[in-house]
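A, B, ... follow the sequence lines: proteins, then strands. Residue 1 opens every chain.
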Amino acid sequence: MLDIRFIEENTSAVRKMLADRHYEDKVDLDGLLSAISERRKAVTELDELRARRNRASEEVAKLKRSGGDATKFIEEVRSISGRIKELEETVRSAEERMNEVLLWMPNMLHSSTPIGKDENDNVEIKKWGKPPEFDFKLKPHWELGEMHGLLDFERAAKVSGSMFACYFGLGAQLERAMINMMLDIHITRHGYTEVFAPFLVNTDSMQGTGQLPHLRDDMYKIEDSDYFLIPTAEVSVTNLHKDEIIPEGELPKCYCSYSACFRREAGAAGRDTRGLMRMHQFNKVELVKITRPEDSYEELDKLLADAEVVMQALELPYRVIVLCSGDIGFGASKCYDIEVWIPSEERYREISSCSIYEEYQARRARIRMRPEGGGKAVFAHTMNGSGIALSRAFLALLEVHQGEDGSIKIPQALQPYFGGRERIG
RNA sequence: GGAGGGUUAGCCUAAUUGGUAAGGCAGCGGACUUGAAAUCCGCCGGGCAUUGCGACCCUUGGGGGUUCGAGUCCCUCACCCUCCGCCA
């Protein structure tokens, strides 16, 4: 959510942001501005009338107490009240139009976010590791998974449907080992606090972090209730501090959280249909930070580095890109993606997304900070990133570390979490 | 699921048959002081305003209703507490 005063005073910057994001047609900026000024005009008149009514009403009270005749003032209040009702309706409808647009208004972009049209204009800023070269015919992960009895897509389809997976035996253990390793790395080496939060959240939380209204079709809604299945732990964890004013000394809040994530993948029919690449349900270890405004970009870079440590521990080749204005998420002002090398596709695919929202989510979720030494509460900054997403980490690990015989080498850092096992097969 | 109690500003607590939210703590600024404490004054939810100092407006969990007027009465929803029931 943007501040309406900011929008009024920086209209051309907002217009440029919408153009940079290719959002011009989706947001009625002029309608918003007119709703704001209509509201302001009505509120001014409303305030004056209310002041008159309050004065008259006070006279009524005085006269009643002293036993006098208040008829004249009662009549005055009655007549003013009619006009007040009209104006209240005007204000209400102006605010409704205002909020409708505001909820669909994306965040301003950070100056370091490159301007571009789509994913082709994202900027690569780093590469780590080398994509492996195989002198044999490599197997895709679903073949490796079925060969070792780690994965079963057919049975998952039986109990649920397509785009679900079932992990058996060492497969289930491997998934769990990776989750535990990631959590431990962040807790013990990076200073995060582990959180385990609900997987079902209400509409207000979904709106607080900006999934609603525009991603409604990507999420699962529970029938006959106000609950949604979380698409990421970002939602449940960030909203833990909703409606709070946090003392400056307690910032930054650094949380890491395991959760299952649920996505309808409504627009992705027919894509990545084989294997683990795209699932309706997958696991993820998420990193969430709430910080002082002045520290936020530094904290974002640290968060990215924290996620990278996991990639390195798993010995998975990756690159880091900065998303351009046409590709970056709705509420983010800047976003790094970590992309892992997928041998079977011979390209990099997203495995982590580290985004900063500045005040955008904080304003929606009303997360504020009380400055050291008192003073007016200000909005905190929020950010989050995958640290990292399972399923894709699982599939990358199978493919990258496969041998000619189909056996899979377990990276050394993971072995203690996997019963000391050095390989599968 | 049922019954009862509750929700007042960051925290805690008042408010007559319905009469227009009173205080305390914490915090900030100032005065006083060598400095601090104590004391005193102002501020201390949001909006709007400002050339100049506010006789300005809204806010008692959310929404609606009754009334000239609602923290107070009615309806509804959310959440918290207690008890009963059911349940992994």
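With both ends at atom C1', the span from U66(B) to U76(B) equals 15 Å, rounded to whole Å. U59(B) and G65(B): their P atoms are spaced 14 Å apart (whole Å). With C1' as the reference atom, A9(B) and G5(B) are 24 Å apart, rounded to whole Å. If you take atom C1' in C28(B) and the same atom in G19(B), they sit 35 Å apart, rounded to whole Å. Nucleotides A14(B) and G6(B) are separated by 12 Å at their P atoms, to the nearest Å. When the P atom is used for both C75(B) and G4(B), the distance is 12 Å, rounded to whole Å. Taking atom P in both U72(B) and G64(B), one finds a spacing of 14 Å when rounded to whole Å. Atom name C1', nucleotides C68(B) and G18(B): the rounded distance is 12 Å, in whole Å.
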Give every pair of a protein N or O atom and an N or O atom of nucleotides 62-66 of chain B that lie under 3.5 Å apart, one pair per line with the distance.
none

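Pairing for A15(B) is absent, judged as Watson-Crick or G-U wobble with the two contacts each under 3.5 Å. U39(B) and A31(B) make up a base pair, with Watson-Crick or G-U wobble contacts both under 3.5 Å. The partner of A3(B), taking Watson-Crick or G-U wobble pairs whose two distances both stay under 3.5 Å, is U82(B).
One finds a side-chain N or O of Asn54(A) lying less than 4.0 angstrom from the OP1 or OP2 phosphate oxygen of C57(B). Between Arg5(A) and C48(B) there is a side-chain N or O to OP1 or OP2 distance below 4.0 Å.
For the pair Leu87(A) CG and C58(B) C1', the computed distance is 15 Å after rounding to whole Å. In this entry the distance linking CZ of Arg52(A) with C1' of U20(B) reads 18 Å, nearest Å. Regarding Glu76(A), its CD atom lies at a distance of 13 Å from the P atom of G69(B), rounded to whole Å. One can place CD1 of Ile84(A) at 11 Å from P of A70(B), the figure rounded to the nearest angstrom. Remark: P of C48(B) and CD of Glu45(A) are 18 Å apart, rounded to the nearest angstrom. Between the C1' atom of C56(B) and the CZ atom of Arg53(A) lies a distance of 14 Å, rounded to the nearest Å. To the nearest angstrom, P of A78(B) lies 15 Å from NZ of Lys242(A). For Glu58(A) and A21(B), the CD to C1' distance is 13 Å, given to the nearest whole Å.
The structure places OG of Ser205(A) at 11.5 Å from CD of Glu234(A), a figure rounded to the nearest 0.5 Å. Separation of atoms OG (Ser391(A)) and CD (Glu175(A)) is listed at 5.5 Å; rounding is to 0.5 Å.
For His110(A) (side chain) and Ser112(A) (main-chain N/O), a donor-acceptor pair under 3.5 Å exists by modelled atom type.
No side-chain donor from either of Glu299(A) and Thr291(A) sits under 3.5 Å from a side-chain acceptor of the other. Side-chain N/O atoms of Tyr258(A) and Asn180(A) include no donor and acceptor closer than 3.5 Å. Counting only N and O atoms by type, the side chains of Tyr297(A) and His381(A) include no donor and acceptor under 3.5 Å apart. Between the side chains of Gln173(A) and Tyr417(A), no donor N or O sits under 3.5 Å from an acceptor N or O.
Nearest to the side-chain atoms of Ala61(A) among the listed nucleotides G10(B), C57(B), G19(B) stands G19(B). Of the candidate nucleotides C68(B), C79(B), C57(B), C79(B) has the atom nearest to the side chain of Tyr227(A). Listed nucleotides: C56(B), C48(B), G19(B). Nearest to the side chain of Arg40(A): C48(B). Side-chain proximity of Val77(A) to the nucleotides U20(B), C68(B), C57(B) is greatest for C68(B). Nearest to the side-chain atoms of Arg39(A) among the listed nucleotides U20(B), G47(B), C57(B) stands G47(B). For Asp47(A), counting side-chain heavy atoms from C-beta on, the closest listed nucleotide (U20(B), C57(B), C68(B)) is C57(B).
Along RNA chain B, the nucleotide nearest to Ile4(A) and the one nearest to Ile245(A) differ in position, and the one closer to the 5' end is contacted by Ile245(A). Residue-to-nucleotide proximity on RNA chain B shows that, of Thr44(A) and Ser57(A), the 5′-proximal contact is made by Ser57(A).
Note on ring orientation: taking the six-membered ring where Trp is involved, the planes of His190(A) and His186(A) are tilted (angle from 30° to 60°).
Nearest heavy-atom pair across Arg21(A) and Gly329(A) is NH1-O, 2.9 Å.
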